[in-house]
Amino acid sequence: MESHPTKSSESPSKDYKSTLNLPFTAFPMKANLTQREPTILAQWQVENLYQQILASDHPRGQWVLHDGPPYANGDIHMGHLINKVLKDVVIKYRTMCGYDCPYVPGWDCHGLPIESAIQKELGPKLKSMSPSEVRKLCRDYALKFVNQQSKSFERLGIFGDFKDPYLTLTPTYEKGVLQVLAELLQRELIFRQRRPVHWCTHDQTALAEAELEYAPHKSTSIYAAYVMDLSVGSWPVAFGAQPTSAAYLIWTTTPWTLPANRAVAVGPQNEYICLREKTGKHPALIVARERAEVVMQTAAAGPLAATYEIKGEAVSGDALEAAAIPYHHPLEDERLCPVVCADYVTLGDGTGLVHTAPGHGAEDYLTGRRYELEIYSPVLPNGRYDQSVAEFLQGELIWDANNKIITHLINRHRLIAQETIQHSYPHCWRCHRATIFRATEQWFVRASHESPLVHKVEEFINHVQWIPTWGKTRIAGMLATRPDWCISRQRSWGVPIPAFTDSNGNILLTAKSVARVADYIGQHGADSWYTDPPEKILGADYWLDDALTPNAGTKPNHEFSTVDLRKGSDILDVWFESGASHHAVLEGTHPRLGYGADLYLEGSDQHRGWFQSTLLEAAGYKTQPPFKTVLTHGFIVDGQGCKMSKSTGNDIKVSDALKEHGADVLRLWVASVDYHNDMPCSRELLTRVGEAYRKIRNTFRYLLGNLYDFDLSQHAIQPASQSIDMWMLHRLGAMEHDTLAAYEQYDFHRVFRNIYEFCNVDISAIYAKAIKDRLYCDLPDSPRRRASQHVCFLLLQSMVKLCAPVLVFTADEVWRALRELSGIKLLPPSIHQARFSDLITVQSAEIELWTRWMELVERGNKQLDELKRAVGLGNALDAEAVIIAPADAASQSLASLYGPEIEDVLGAGCHRIEVGPEWHIRMVDVRDRYTSCARSWKRRPDVGTDSQYPDLSARDARVVEALRRSTSDMSDVSVSSRG
RNA sequence: GGGCUUGUAGCUCAGUUGGUUAGAGCGCGUCACUGAUAAUGACGAGGUCAAUGGUUCGAAUCCAUUCAGGCCCA
């Protein structure tokens, strides 16, 4: 080994380093994004970049993504991040395709969360304040968070009209909302009805489905006997002899609804039997056959402590109904209630007989309507019983009433059993307290499945592209089963439902009156509803002369006198407000956008939320759908695929992640995972993405580093057809093609994969390695070198564009470095003003040969590794590639043509061609055989050919000699023009 | 409990209409380089395709059930 000539023994080596064209660039390897990004942002501000982009030419016309408004409350979280980044990526991509893509961010500013926050701040002071004063505080609160979130979004590199966003609290927006309401009134799609709605007794308001959260809740469940009046109807003979007393056994988890009981529902298909207690002292019980065993076990432990047994045959539910034996109301003995049939009665739990209180349950209500039962709801807004109930319950809080009712039942021997159960139960999204169903007078949009509105929505749905495709199934399914939409809320922070009542109780809410109020509020803001008198708001006496409000209790053609009107105090559901943005923004606050957005892009939860409220409203009066495409993304989960939440401690804060990684890394993370499903995120994953970012950045740096003396206008040169350059261009073309297709299909994780693997494999492991020798060692102006530099430039230019929608800061930084190069000064200042270039295409005939050469390279690498282990060969430059080619002339000529390229792709010192039966390669340790070139470090036979440079290979000797001459001839021109 | 949906190496993802020994990049391990250097290259080890049971000559792929997640609802 010692006999091998080594580099260190060749002292002149150091002297040659100055004759090399080593990479040079001011572009730093370390990104330091946390510091750098804000300076880039500041630069964009100075350049007024977003406005510049909007003002430029857009040959492909307008393309609008309409922003779904986040709630103006709290700091932004990862959910905001993915949504806004995805939107921004789409918009930047479209912009670079030549579209005009204005982005108007919006905020949902009204609603309970803000009002609750203010209430909490105010405490008891609240009572002394007028709605207007409270609204002022709510407004300030909302605007504060709009401002805060706005800054956070901009920090993420999101472009948009942040100086002129849409806010649901502006008068113009509010006007738009009311105009939509007027349109729906015009088409008789709004009605008023007494109906059970989800009700929060703490916040004293009706709640929408979207305002509920389900959580475990402990309830007292009871088995209660509703004693039958056997003097009426006919005892089913199948039950055996008629007992002296009998009862329907019901099971409920809400004993407090017993006062409102109006019927017992049975399943028409279910079979019922009669249980008799052995002693005969207690009433016989009617239960579903399938539930009998469970009931007997439970009852045995109950207050009656009795054993029951089955007597007689079973009868079906409809037979039970037909028997028409009423029962005595559990709390009002004199009231007789019927047995009715209902499809929803299941045998999964309970007794198969359902206590039905039409004023306190959705299904109960429907049953109540069908059987014309009283929709009775004796509970006040604050959750206390009114005066219509039994005396011992009047004024009682319902949650406290359970025990009183149970005691009452026990005293009257009507409680068969009682237990505490834990089950999932709806809670108010704000105060997190359990909610109830309570029948009240509310405003509804006719949106249940029999409404014409729903048919129109179904039609719209078919004309929308849903991504992923199952979005359509999902929203269609929801639509098919949805109830009418309760749009009234008993709060102050929102858009008022501009209904008036006169002293006779007639209600004024018509398309005309609402349109009139819309104009007024559009001028004076919704606050004016609370401050200004009806005659000022409406302007003149008013007639109910257009669409009647069904069930509003107003006679046709009733004449209202504005001085006799009182303003209603309900406001609209916030979902109605945001759902109106298709008009209030696209045709109202920002009419340049126009109705019918190209894209809505939100989390998949919005199938029930914004997409649906938008569709329902638009279907009420528009002929075209409000969006052409709906794209949904999933939710953030942790490394284990579990939901992120503060309570489990697996949540990642945007501000922390931003501080640690910078916006571009976070954006790259968004692009790296498949957002169609849940998006995994963890510290480890972000670190991984950070590494990917560094690889991409370093690739840019390497390419830039090799272009320091490249002038596009002078040096651009076509590579030789057999060169690795051609292979590289071909790969670039293919990558560009697929990456742009991936953008077009919103497949951003494919964009990421393409770019990242391209950096790792095509550029770094293959191309950069192969062209090192020619870039570093050739004469600066050698065609071979210039051709590779040109390819480096093309790579850089293409990749920086492909990265730009995602890596908004880094791409801009690279772009500005690119502009500094010679001969290409016409580029726009920022990458975000650039357009995608035409695709690079390379004729494929010669390219196909490269699959064969790459196989040889792979085998060569394995052999180099074996040589490394076997004989300690550390450097491929000390090896010779022996390319074995078939003997025919064509193969031999191919081998000699591609030999030098294969040598370079392997990073070998030299190559030689041999004849063999088939294509093969053999790597040979030539440390004993050849000398290493002191300049290129290639170990090859032609070292020392030039006697003037005995330590150099032929190529290097020529180069050094040429450099020597040029420096001595033109001593004022430096060899390398770096810096 | 219902609707929609997901489950392929440690991680992120590919796997066409079922067809050899299930792939890639990263990470990891080992080694090399020190002229991309807080970089770079090479080689290598990793998988019962969530589980079970079917259909089939043949299943990651089709069917059923189960388990574990997610969103929405009850």
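In the text below, chain A, chain B and the rest are named by the order of the sequence lines, each starting its count at 1.
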Practice task
Give a yes or no answer on whether the side chain of A/W610 reaches the backbone of A/S578 with a donor-acceptor pair at less than 3.5 Å.
Solution key: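 Judged by distance alone, yes, a pair lies under 3.5 Å.
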Practice task
For A/Q863 and A/M923, indicate whether the former's side chain and the latter's backbone hold a donor-acceptor pair under 3.5 Å.
Solution key: yes
I want to verify a distance call: between [options], whose nearest atom is closest to the [X] side chain?
| X | options | result |
| --- | --- | --- |
| A/K643 | B/G70, B/C13, B/A36 | B/G70 |
| A/N875 | B/G35, B/C33, B/U12 | B/C33 |
| A/K769 | B/G70, B/A42, B/C13 | B/A42 |
| A/D678 | B/G27, B/G69, B/C13 | B/G69 |
| A/D865 | B/G27, B/C71, B/A42 | B/A42 |
| A/K772 | B/C33, B/A36, B/A42 | B/A36 |
| A/D674 | B/A14, B/A74, B/C4 | B/A14 |
| A/P680 | B/U12, B/C4, B/U6 | B/U12 |

When you measure from the side-chain N and O atoms of [X] to the phosphate of [N], is any distance below 4.0 Å, counting only OP1 and OP2?
| X | N | answer |
| --- | --- | --- |
| A/K868 | B/C43 | no |
| A/T481 | B/C73 | no |
| A/R753 | B/G15 | no |
| A/N760 | B/C26 | yes |
| A/Y776 | B/A36 | yes |
| A/K30 | B/A38 | no |
| A/K695 | B/U40 | yes |
| A/H749 | B/A14 | yes |

Handout entry: Residue closer to the 5' end of RNA chain B, A/R688 versus A/R474 (nearest nucleotide)
Key =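 The residue whose closest nucleotide sits nearer the 5' end is A/R688.
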Practice task
Find which nucleotide of RNA chain B each of A/S604 and A/G471 is nearest to by heavy atoms, and output the residue with the more 5' nucleotide.
Solution key: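 With A/S604 and A/G471 compared, the 5'-side residue is A/G471.
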Without decimals, in angstroms, what is the distance between [X] [atom1] and [N] [atom2]?
| X | N | atom1 | atom2 | result |
| --- | --- | --- | --- | --- |
| A/Y693 | B/A38 | OH | C1' | 15 Å |
| A/D925 | B/A32 | CG | P | 15 Å |
| A/I766 | B/A24 | CD1 | C1' | 13 Å |
| A/I763 | B/G25 | CD1 | P | 15 Å |
| A/N698 | B/G41 | CG | P | 10 Å |
| A/N861 | B/C33 | CG | C1' | 14 Å |

Heavy atoms only, 4.0 Å cut-off, all strands: where does [X] land among base, sugar-phosphate and nothing?
| X | value |
| --- | --- |
| A/V689 | nothing |
| A/L685 | sugar-phosphate |
| A/R701 | sugar-phosphate |
| A/E691 | sugar-phosphate |
| A/A876 | nothing |
| A/A692 | nothing |
| A/F635 | sugar-phosphate |

Exercise for the section: For this output row, return yes or no: ring centroids of A/H427 and A/H217 closer than 6.0 angstrom. Expected result: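 Centroid distance A/H427-A/H217: below 6.0 Å, so yes.
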Problem - Aromatic centroids of A/H749 and A/Y675 separated by under 6.0 Å - result: no
Using the [atom1] atom as the point on both nucleotides, what is the distance between [M] and [N], in whole Å?
| N | M | atom1 | result |
| --- | --- | --- | --- |
| B/G53 | B/G46 | C1' | 29 Å |
| B/A64 | B/G2 | P | 15 Å |
| B/A39 | B/A14 | P | 29 Å |
| B/C62 | B/U16 | P | 9 Å |
| B/A50 | B/G15 | P | 15 Å |
| B/U37 | B/A59 | C1' | 50 Å |
| B/U52 | B/A32 | P | 44 Å |
| B/C63 | B/U55 | C1' | 7 Å |

Handout entry: Pair A/Q789, A/D709: side-chain N/O donor-acceptor within cut-off below 3.5 Å
Key = yes
Handout entry: Donor-acceptor pair present, A/R608 side chain and B/C71 base, under 3.5 Å
Key =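 Donor-acceptor pair under 3.5 Å: no.
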Problem - Presence of donor-acceptor pair under 3.5 Å, side chain of A/S764 and base of B/A36 - result: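 Yes, a donor-acceptor pair under 3.5 Å.
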Practice task
Please work out whether the ring planes of A/W850 and A/W727 are parallel, tilted or perpendicular, with thresholds of 30° and 60°.
Solution key: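 Geometry flag for A/W727 against A/W850: tilted rings.
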Exercise for the section: For the residue pair A/F611 and A/H607, categorise the inter-ring angle as parallel (less than 30°), tilted (30 to 60°) or perpendicular (more than 60°). Expected result: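 A/F611 and A/H607: perpendicular rings.
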Write down the partner of [N] under the Watson-Crick or G-U wobble criteria, each distance required to be under 3.5 Å.
| N | answer |
| --- | --- |
| B/A38 | none |
| B/A14 | none |
| B/C62 | B/G54 |
| B/G29 | B/C43 |
| B/C67 | B/G7 |
| B/A22 | none |

Exercise for the section: Would you mind calling B/G25 syn or anti? Take O4'-C1'-N9-C4 for purines or O4'-C1'-N1-C2 for pyrimidines, and syn is within 90° of 0. Expected result: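 That one's anti.
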Practice task
Take atom NZ of A/K695 as the centre, draw a 6.0 Å sphere, and report whether it contains more than 12 heavy atoms from other residues, nucleotides or ligands.
Solution key: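 Yes.
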Practice task
Count the heavy atoms of every other residue, nucleotide or ligand shown that sit under 6.0 Å from CZ of A/R683, and state whether that count exceeds 12.
Solution key: no
Problem - Near-parallel close stack of A/W937 and B/G35 base (under 5.5 Å, under 30°) - result: yes
Practice task
State, yes or no, whether a side-chain contact exists between A/C681 and A/M78 at a heavy-atom distance under 4.5 Å.
Solution key: yes
